[in-house]
Amino acid sequence: MTAHTYVRAISLSDLPHGTKKAVDIAGKSVLLCNWAERIYAVSNICSHAQEKLECGRLSNGWIACPIHGARFDLATGGAKNPPATRPIPVFEVRIVDEWIEVDVGQAAL
């Protein structure tokens, strides 16, 4: 069983619906996204272009790379279209006392 290592990231009020925010947690660049009443945490780095996703378009449960338009599923990290073929890491999230906390112990692919 893997131990969880939740780290407080930002206040829930700092991430309104339809927005995203990049944060550095334990040396990892994590992109927090609020979509369809759910908070997601994914790697902020595109698996194809190695560019930051924070400037990409957020829509319908995916984030797009601003360089080549590759889209990644927020829930699974899976690549939804070329040129990306590899997923990006996703992190477990929980809300505690109106704070978003991210489990940086084990990222899932």
Side-chain angles (χ1 to χ4, degrees):
M1 183 171 168
T2 304
H4 292 281
T5 308
Y6 284 95
V7 177
R8 185 174 277 190
I10 63 172
S11 170
L12 184 58
S13 64
D14 289 336
L15 193 69
H17 171 72
T19 64
K20 58 193 178 309
K21 183 171 183 74
V23 294
D24 286 325
I25 302 174
K28 298 176 184 180
S29 184
V30 176
L31 186 64
L32 300 172
C33 302
N34 185 340
W35 189 262
E37 299 181 26
R38 183 170 169 195
I39 305 298
Y40 299 92
V42 298
S43 171
N44 189 31
I45 306 299
C46 173
S47 64
H48 168 260
Q50 302 302 307
E51 292 290 332
K52 292 188 175 184
L53 295 172
E54 64 192 274
C55 295
R57 183 172 167 222
L58 174 66
S59 183
N60 295 322
W62 50 260
I63 183 75
C65 176
I67 303 301
H68 295 114
R71 295 178 183 176
F72 299 93
D73 187 279
L74 293 175
T76 67
K80 297 177 71 66
N81 65 292
T85 57
R86 293 185 327 256
I88 57 172
V90 296
F91 304 90
E92 287 188 40
V93 175
R94 70 181 183 186
I95 308 299
V96 176
D97 296 329
E98 297 300 310
W99 284 89
I100 299 170
E101 295 185 350
V102 179
D103 181 3
V104 293
Q106 281 293 118
L109 287 178

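Because the structure is predicted, anything quoted here is derived from the model rather than measured.
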What pairs of donor and acceptor atoms, side-chain ones from residues 44-53 against any protein atom, are under 3.5 angstrom apart with sequence neighbours left out?
| unit_1 | atom_1 | unit_2 | atom_2 | d |
| --- | --- | --- | --- | --- |
| Asn44 | OD1 | Leu53 | N | 3.2 |
| Asn44 | OD1 | Glu54 | N | 2.9 |
| Asn44 | ND2 | Ser29 | OG | 3.1 |
| Asn44 | ND2 | Glu54 | OE2 | 2.8 |
| Ser47 | OG | Arg86 | O | 2.5 |
| His48 | ND1 | His68 | ND1 | 3.4 |
| Gln50 | NE2 | Cys46 | O | 3.3 |
| Gln50 | NE2 | Ser47 | O | 3.3 |

Derivation and outcome, side-chain contact (heavy atoms from CB on, under 4.5 Å), residues Ile95 and Glu101: CA-CA 6 Å; Ile95 308 299; Glu101 295 185 350; over 6 Å; no
Would Leu58 and Leu74 satisfy side-chain contact (heavy atoms from CB on, under 4.5 Å), going step by step from the backbone distance to the final call? CA-CA 9 Å; Leu58 174 66; Leu74 293 175; 3.6 Å; yes
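Listed by chain and number, the residues in a side chain to side chain donor-acceptor pair (under 3.5 Å) with Asn34 amount to none (sequence neighbours excluded). Judged as a side-chain contact (heavy atoms from CB on, under 4.5 Å), and not counting sequence neighbours, the contacts of Ala64 are Arg57, Trp62, Arg71. Here Thr85 pairs with nothing under the side chain to side chain donor-acceptor pair (under 3.5 Å) rule; sequence neighbours left out. Partners of Thr5 under the side chain to side chain donor-acceptor pair (under 3.5 Å) rule, at least two apart in sequence or in another chain, do not exist in this structure.
Checked by atom type and distance alone, the side chain of Asp73 pairs as donor or acceptor with a backbone atom of Thr76 at under 3.5 Å. In this structure a side-chain-to-backbone donor-acceptor pair under 3.5 Å is missing from Lys28 to Ser43.
Linking ILVMFWY residues whenever their side-chain heavy atoms come closer than 4.5 Å, directly or via other members, leaves Trp99 and Val104 in distinct clusters. Note on Phe91 and Tyr6: separate hydrophobic clusters, where clusters join Ile, Leu, Val, Met, Phe, Trp and Tyr whose side-chain heavy atoms are under 4.5 Å apart, directly or indirectly.
The ring-ring contact (aromatic ring centres under 6.0 Å, His included) analysis of residues 25-45, with sequence neighbours excluded, yields the pairs His17-Trp35.
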